[in-house]
Amino acid sequence: MTRKVEIVSDVWLGSDGQRLVIPVEGTGVAAEDALARRAQVLALAEPRKILGCVLTLDDGTEVSIDAPMLPALLPDRSGILGIFPPSWYINEAGDDVFGFPNNAAVFNVDGTLRFQVNVGKEPIHHIALVYGVLDGKFSGMLGLHVAFGADCPPEQIYALDSAVPGLIPTLHTVRF
């Protein structure tokens with residue numbers, strides 16, 4: 001049986017050492033509860049930081065990924081996409097592990113890296129956030145908001161096939 005991700009949770013740490021695991025997406029995680037979950041994070045002693053995420057699999061196994069990211073469940077639940085804002089996940093030299101413009105990666109259910117997303121020759125400055133699961137021609141793919149400059153709002157939607165590291169232009173625009 002192929003294991004699937006049921007729940008994705010963020011792991012936060014307050015300056016007093018209190019650790020908090022907050023479900024962000026998956027089975028039984030209601031979007032309506034987002035403000036209550038955010039309030040729990042804000043109640044942590046400052047400065048607080050995100051440590052990574054925990055994947056709860058359909059067999060009850062928990063897998064930790066020790067990389068601070070904005071996680072999103074893949075549509076087929078075979079893993080997650082992580083978007084890495086600047087300076088969230090840096091190496092010993094102080095460089096971003098997943099720097100702009102390729103600041104996203106797909107991880108398998110066991111926490112291993114499947115691939116780093118590659119924007120290719122597209123004029124993308126950075127991947128900003130997840131738009132959602134797409135339909136039509138891009139059915140079953142994640143839509144990603146991308147920005148074309150450091151000070152530009154993310155407007156263009158690109159599709160991500162969780163089996164291929166390249167982005168696919170959808171020619172769809174969502175203005176903020």
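Computation of the quantities below employed the complete heavy-atom set of this structure, encompassing side-chain atoms and omitting hydrogens, waters and symmetry-equivalent molecules. Since the model is a prediction, treat every value here as computed from it, not as a measurement.
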Might you work through the side-chain contact (heavy atoms from CB on, under 4.5 Å) test for V63 and L57, ending with a clear yes or no? CA-CA 8 Å; V63 176; L57 307 184; 4.0 Å; yes
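- Applying the ring pair (Phe, Tyr, Trp, His ring centres under 6.0 Å) test to F84 and every residue at least two apart in sequence or in another chain returns Y89, F98.
- A donor-acceptor pair under 3.5 Å links the side-chain atoms of T170 to the main chain of I157, judged by distance alone.
- Checked against side-chain contact (heavy atoms from CB on, under 4.5 Å), P85 has the following partners two or more places apart in sequence or in another chain: L70, W88.
- For the pair R3 and D58, the minimum side-chain heavy-atom distance is below 4.5 Å.
- Rounded to the nearest 0.5 Å, atoms CG (L55) and CG (L73) are 8.5 Å apart.
- For S87, there are no side chain to side chain donor-acceptor pair (under 3.5 Å) partners at least two apart in sequence or on another chain.
- Tracing side-chain contacts under 4.5 Å through hydrophobic residues (I, L, V, M, F, W, Y), one reaches V106 starting from I83; they form part of the same cluster.
- Shown here are the side chain to side chain donor-acceptor pair (under 3.5 Å) partners of T112, two or more places apart in sequence or in another chain: N108, D110.
- Residues satisfying the side chain to side chain donor-acceptor pair (under 3.5 Å) test with R77, not counting sequence neighbours, are E6.
- The CD atom of Q156 sits 3.5 Å away from atom OG1 of T173, with the distance rounded to the nearest 0.5 Å.
- Residues satisfying the side chain to side chain donor-acceptor pair (under 3.5 Å) test with S78, not counting sequence neighbours, are D76, R114.
- When L81, I80, V29 are each tested for a side chain to side chain contact (heavy atoms under 4.5 Å, CB included) with V8, only one passes: I80.
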Would you list the atom pairs, donor with acceptor, under 3.5 Å between side chains in residues 120-131 and any protein atom, with sequence neighbours excluded?
from, atom 1, to, atom 2, distance (Å)
E122, OE1, Y158, OH, 2.7

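- Looking only at side-chain heavy atoms (C-beta outward), N103 and D96 stay at 4.5 Å or farther from each other.
- L167 and F148 fall within a single hydrophobic cluster, where Ile, Leu, Val, Met, Phe, Trp and Tyr side chains are chained together by heavy-atom contacts under 4.5 Å.
- Applying the salt bridge (charged side-chain N to carboxylate O under 4.0 Å, His left out) test to E92 and every residue at least two apart in sequence or in another chain returns nothing.
- No chain of hydrophobic side-chain contacts below 4.5 Å, direct or via other Ile, Leu, Val, Met, Phe, Trp or Tyr residues, connects I22 to I7.
- Taking 4.5 Å as the limit, some side-chain heavy atom of L142 sits within range of a side-chain heavy atom of P75.
- By the 4.5 Å heavy-atom criterion applied to side chains, C53 and M69 are counted as neighbours.
- The hydrophobic cluster containing L51, built from Ile/Leu/Val/Met/Phe/Trp/Tyr side-chain heavy atoms closer than 4.5 Å, also comprises V11, L13, V21, V54.
- Considering every non-hydrogen atom in both A147 and C152, the closest pair reads CB-O, 3.5 Å.
- Residues N118 and Q116 form no side-chain contact, since every pair of their non-hydrogen atoms from C-beta on lies 4.5 Å or further apart.
- There is a path of hydrophobic side-chain contacts, each under 4.5 Å, that joins V24 to I65.
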Mind listing the side-chain donor-acceptor pairs of residues 31-44 below 3.5 Å, one per line with the distance, residues two or more places apart or on another chain?
from, atom 1, to, atom 2, distance (Å)
R37, NE, P23, O, 2.9
R37, NH1, A30, O, 3.0

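- Remark: N91 engages A93, D95, V97 in a side-chain contact (heavy atoms from CB on, under 4.5 Å) (not counting sequence neighbours).
- For the side-chain contact (heavy atoms from CB on, under 4.5 Å) test, residues two or more places apart in sequence or in another chain that qualify with A45 are S15, D16.
- Transitive grouping of hydrophobic side chains (ILVMFWY, heavy atoms separated by less than 4.5 Å) keeps V174 and L160 in distinct clusters.
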